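Lettering follows sequence order; numbering is per chain, from 1. Since this is a predicted model, take the numbers as computed values, not measurements.
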Number of protein chains: 2
Amino acid sequence: MSSAERKAREKEELKALILKASMKLFVEKGIEQTTIRNIADAIDYSIGTVYVYFKDKNAILHALHTQCFTELAGQFRVLYTVKDPMERLKAMGKVYIQYAMDNPDKYDLMFNLKEPMEFLNDIQAKEWDEGAATFDVLRTTVQECIGAGYFKGHNLEPLSFLIWSCMHGICSLEIRARTKGVLLKNPDTIVSDAYNEFLKFIEKK
Amino acid sequence: MSSAERKAREKEELKALILKASMKLFVEKGIEQTTIRNIADAIDYSIGTVYVYFKDKNAILHALHTQCFTELAGQFRVLYTVKDPMERLKAMGKVYIQYAMDNPDKYDLMFNLKEPMEFLNDIQAKEWDEGAATFDVLRTTVQECIGAGYFKGHNLEPLSFLIWSCMHGICSLEIRARTKGVLLKNPDTIVSDAYNEFLKFIEKK
DNA sequence: TTTGCGAAATGAACAATGTTCATTTTATTT
DNA sequence: AAATAAAATGAACATTGTTCATTTCGCAAA
């Protein structure tokens, strides 16, 4: 049975190789500009082989999407050591923004992916479960902040959503502005400056 | 000279017709799924004609992009009657969110458009000038709010950006969640609920 | 009315892409 | 060594954006 095991492992490895090359090309040239032929070339396999391992181009996007969410969730793990909830909340924001700024293309893939519909019905849940899990971490932290006397008069669910929206909005607008090369008075510091403004709102007891 | 004038007018009309049909198809079937042939069919002209009036598919996207920003700017015009700056700021948020919720596909077009690069160098400025102009209106309002005693200890530029980010984040996440059909505990009211949380932060003097 | 000319419209043709599948190659077992 | 299963292949197809030589049209001049 060891040969079967090796085969299974090799299959996984090739699958991972395809994903790695795809991500590289997506980041380099953009999703639209990356063709299956490009991917196949990059890993020295034929076009058909790519289709043996992934149903279609969307399946690749899909897998990378999940991968990115898992990666971000991983970044959040360091926060479990931060006991004070407000400190943790602030750190979460920093980590989130840092991830988006370090990986603008991945962030784009995570949130701005134009999903060609059918995978809605298909596997739908999986990759957004990762997103939902991350949101749970945020909600819990906000809950603890409320317990510690912050956010008086606010409601947990919409407040958590608002906080996520703020972070997402900052990252989304910044990335968009960066790739277009337009507006924004202080492009270098606007993100951290905006984040500081955000802190002034949430820190008040 | 009247025939020349009429010809010029007819050209503009056909151009507008192409844009109208394109927008309809984009909203109906999505940008990727809308082909030049579809557009040509919809207006009973040939493929080539579309290319007589627009350099390529991107030029069409581009024109619609500008059109949407102009439309949103138009919605803001009602706000000029609101004297109190904080009331105006709150109303701006409402109008912004309303526009995004009423026209999710247009909003997507405005902010999530994957621009195939060259138009970066080309006409770049134009369509984002609309965005910049809108941002100016926001900044001015925030400035007046500060003058009225709000936002003590905050800085105008990053604060304005943060406020825009909040609104954009709310709309962006909601639209994304809606088209995927996932997460969010109270999908029906989450946007207005989050907006209300937002108000609690900014209303404090 | 007829003719001529410039502008507008056309659609066949091309290159590039995602995708399929019958065939070939490779690996494993008998 | 032969047989069988698995994996890899790339030619072929449908669809797309795009181009351009050709045709059609509108209108002023003869």
Salt bridge (charged side-chain N to carboxylate O under 4.0 Å, His left out) contacts touching residues 189-198 of chain A (sequence neighbours left out): E197(A)-K200(A)
Integer-rounded Å distance: dT17(C) P and I47(A) CD1: 11 Å
Distance, rounded to the nearest Å, where K7(A) contributes NZ and dT26(C) contributes P: 14 Å
Test item: R88(A) side-chain N/O and V82(A) main-chain N/O as donor-acceptor pair under 3.5 Å: yes
d(CZ, R9(A); C1', dA27(C)) in whole Å: 15 Å
Spacing of F54(B) atom CZ relative to dA8(C) atom C1', expressed in whole Å: 16 Å
Positional range of nucleotides in DNA chain D within the contact set of chain B, heavy-atom, under 4.0 Å: dT16(D) to dA28(D)
Rounded distance in Å - NZ (K57(B)) to C1' (dT17(C)): 13 Å
Atom pair distance, as rounded to whole Å: CD1 in I39(A) and C1' in dG18(C): 11 Å
Stretch residues 15-26 of chain B: residues that reach within less than 4.0 Å of DNA chain D through a heavy atom: none
Ring pair (Phe, Tyr, Trp, His ring centres under 6.0 Å) involving Y107(A) - partner list, sequence neighbours excluded: Y96(A), F111(A), H168(A)
Position toward the 5' end of DNA chain C (nearest nucleotide), G48(A) or T34(A): T34(A)
Under 3.5 Å: donor-acceptor pair, side chain of K106(B), backbone of E71(B): no
S160(A) side chain to L156(A) backbone, donor-acceptor under 3.5 Å: yes
For K90(B), salt bridge (Lys or Arg N to Asp or Glu O under 4.0 Å) partners two or more places apart: E87(B), E203(B)
Contacts of type side chain to side chain donor-acceptor pair (under 3.5 Å), residue E13(B), not counting sequence neighbours: none
Test item: H154(B) side-chain N/O and L159(B) main-chain N/O as donor-acceptor pair under 3.5 Å: no
Rounded distance (Å) that lies between atom C1' of dT17(C) and atom CD1 of I31(A): 16 Å
